[in-house]
Amino acid sequence: MAADSEEGDYFVREIEKNDGFSLKVKQCYLGDVGCVVWDAAIVLAKYLETKQFYDPPSGVNVWAGRTVVELGAGTGVVGLMAATLGADVTVTDLEDLQTLLRLNIQENQALIKSGSVTAKVLKWGEDVSDFRPPPHYVLMADCIYYEQSIVPLVDSLKLLSGPETCIICCYEQRTEGVNPKVEKQFFELLQRNFNCEEIPSEKQDPEFSSPDIHILHIRRKA
């Protein structure tokens, strides 16, 4: 019985990959923002398998053997996608999301052939020595929404990234409440140390993109 009742706490969202297999991502019925798959996470996950990054017939695989850290991973869908494409991924979030992350890693392990994925706790703004040397990529989807988390988030990006690190940030632009102010604060703070390049929609997945969801490549200023 226990297994059934535990299963009842989750519902599954399937995200189809270009190879025809699907990531099966468990979400919680009850819980905070980290417990569900947000649209920006799907847009970012599908962007990772666009031809510029991953095109086996042409021998292109940017992810093979690359180290990746996902911030605010929530369900882990973005990091899981990167791992299925061959990256060595660490998905990070707060302590109370580790169970969900581990469940989703377990659920999708069979799709991860050459990459790897592990879950770790990372509270923004705190020590990142567990994540050294700097990863090749930092991935983040819909992490810009709490005013009080802006400074620690930017601190984490500064601590995690080396001169070669590419941060890929995907966020849904929200016009209600404090969201525009929070976004403005984030980018003002970020641009002191980083350059941002917005990715045009034609470079995103043709099906999984939206005018109000933005993808940025962010790199440390030299």
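Values in this document were obtained by computation on a predicted structure and should not be read as measured data.
Inter-residue side-chain proximity for Phe186 and Val154 is flagged as met; some heavy-atom pair is nearer than 4.5 Å. For the pair Leu122/Asp130, no side-chain contact is recorded, criterion being any heavy-atom separation below 4.5 Å from C-beta on. A 4.5 Å side-chain heavy-atom check between Lys221 and Arg192 finds every atom pair outside the cut-off. The side-chain heavy atoms of Gln27 and Leu100, taken from C-beta on, include no pair separated by under 4.5 Å. No side-chain heavy atom of Val138 sits less than 4.5 Å from a side-chain heavy atom of Phe131. Contact check for Cys169 versus Ile144: side-chain heavy atoms found under the 4.5 Å cut-off. Ile168 places a side-chain heavy atom less than 4.5 Å from the side chain of His217. Side-chain atoms of Thr84 and Asp19, non-hydrogen and from C-beta on, never get closer than 4.5 Å to each other.
The backbone N or O of Pro135 lies less than 3.5 Å from a partner atom in the side chain of Thr165, making a donor-acceptor pair. The main-chain N or O of Leu85 is found under 3.5 Å from a side-chain atom of Asn61 such that the two form a donor-acceptor pair. A donor-acceptor pair is defined here as one N or O able to donate and one able to accept, closer than 3.5 Å; no such pair exists between the side chain of Gln185 and the backbone of Ile150. With hydrogens and angles disregarded, a donor-acceptor distance shorter than 3.5 Å links the side chain of Glu49 to the backbone of Asn18. Under a 3.5 Å cut-off, the side chain of Asn104 and the backbone N or O of Val25 do not form any donor-acceptor pair. Using modelled atom types, one side-chain atom of Gln204 and one backbone atom of Ile199 make a donor-acceptor pair closer than 3.5 Å. Between the His136 side chain and the Thr67 main chain, a donor and an acceptor come within less than 3.5 Å of each other. Side chain of Lys158 to backbone of Leu190: no donor-acceptor contact under 3.5 angstrom is found. Checked by atom type and distance alone, the side chain of Glu14 never pairs as donor or acceptor with a backbone atom of Ser22 at under 3.5 Å.
When all heavy atoms of Pro152 and Trp124 are compared, the closest pair comes out as CB-O, 3.4 Å. Residues Ala40 and Cys170 share a closest heavy-atom pair of O-SG, 3.3 Å. Scanning all heavy atoms of the two residues, the minimum distance from Ser116 to Ala83 falls at O-CB, 3.6 Å. Heavy atoms only, all atoms of each residue included: Met81 and Ala45 are closest at CG-O, 3.3 Å. Of all heavy-atom pairs between Cys196 and Ile218, the closest is SG-CG1, 4.0 Å. Residue Ala41 comes nearest to Ala141 through the heavy atom pair CA-CB, 3.7 Å, listed as atom of the first residue, atom of the second, then distance.
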For this session: Begin with the C-alpha distance, continue with both residues' side-chain angles, and end with the deciding distance and a verdict on side chain to side chain contact (heavy atoms under 4.5 Å, CB included) for Trp38 and Glu172.
Result: CA-CA 9 Å; Trp38 293 89; Glu172 184 167 355; 5.5 Å; no
For this session: Step by step, work out the side chain to side chain contact (heavy atoms under 4.5 Å, CB included) result for Val12 and Glu107.
Result: CA-CA 10 Å; Val12 174; Glu107 189 75 28; 5.9 Å; no
For this session: Apply side chain to side chain contact (heavy atoms under 4.5 Å, CB included) to Arg13 and Ile42, showing your working.
Result: CA-CA 11 Å; Arg13 173 117 186 222; Ile42 295 175; 3.0 Å; yes
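By the rule that hydrophobic residues join a cluster once side-chain heavy atoms approach within less than 4.5 Å of another member, Leu48 and Phe21 end up as members of one cluster. One hydrophobic cluster, built from ILVMFWY side chains closer than 4.5 Å, cannot hold both Val60 and Tyr54; they sit in different ones. Using a 4.5 Å cut-off between side-chain heavy atoms of Ile, Leu, Val, Met, Phe, Trp and Tyr, with links allowed through other members, Val78 and Val121 fall into different hydrophobic clusters. Taking hydrophobic clusters as Ile, Leu, Val, Met, Phe, Trp and Tyr residues chained together by side-chain heavy-atom distances below 4.5 Å, Leu139 does not share a cluster with Leu94.
Within a 6.0 Å sphere centred on CD of Glu207, heavy atoms belonging to other residues, nucleotides or ligands number 12 at most. Within a 6.0 Å sphere centred on CD of Gln191, heavy atoms belonging to other residues, nucleotides or ligands number more than 12. At most 12 heavy atoms of other shown residues, nucleotides or ligands fall within 6.0 angstrom of atom CD in Gln106. Heavy atoms from other residues, nucleotides or ligands lying under 6.0 Å from NZ of Lys120 number more than 12.
Atom CG of Leu97 sits about 7.5 Å away from atom SG of Cys28, to the nearest 0.5 Å. Residue Ser210 holds its OG atom at 10.5 Å from CD of Gln173, rounded to the nearest 0.5 Å. Distance CD/Glu126 to OG/Ser156: 8.5 Å, rounded to 0.5 Å. Rounding to the nearest 0.5 Å places CG of Asn179 at 10.5 Å from CD of Glu147. A distance of 8.0 Å separates CG in Asp93 from SG in Cys143, rounded to the nearest 0.5 Å. Here CG of Leu216 is found 9.0 Å from CE of Met140. Values are rounded to the nearest 0.5 Å.
The only option from Ile112, Val69, Val117, Leu80 that meets the side chain to side chain contact (heavy atoms under 4.5 Å, CB included) definition with Val89 turns out to be Val117. Each of Asp142, Asp39, Asp212 was compared with Arg174 under the salt bridge (Lys or Arg N to Asp or Glu O under 4.0 Å) criterion, and only Asp142 meets it. The only member of Asn108, Leu44, Val37 that meets side chain to side chain contact (heavy atoms under 4.5 Å, CB included) when paired with Val77 is Val37.
With no hydrogens or angles considered, no side-chain donor-acceptor pair links Asp205 and Thr50 at under 3.5 Å.
Aromatic rings from Tyr47 and Phe208 are positioned such that their centres are separated by 6.0 Å or more.
Ring-plane geometry between Tyr137 and Phe53 is classed as perpendicular, the angle between the planes exceeding 60 degrees on a 0 to 90 degree scale with a lower cut at 30.
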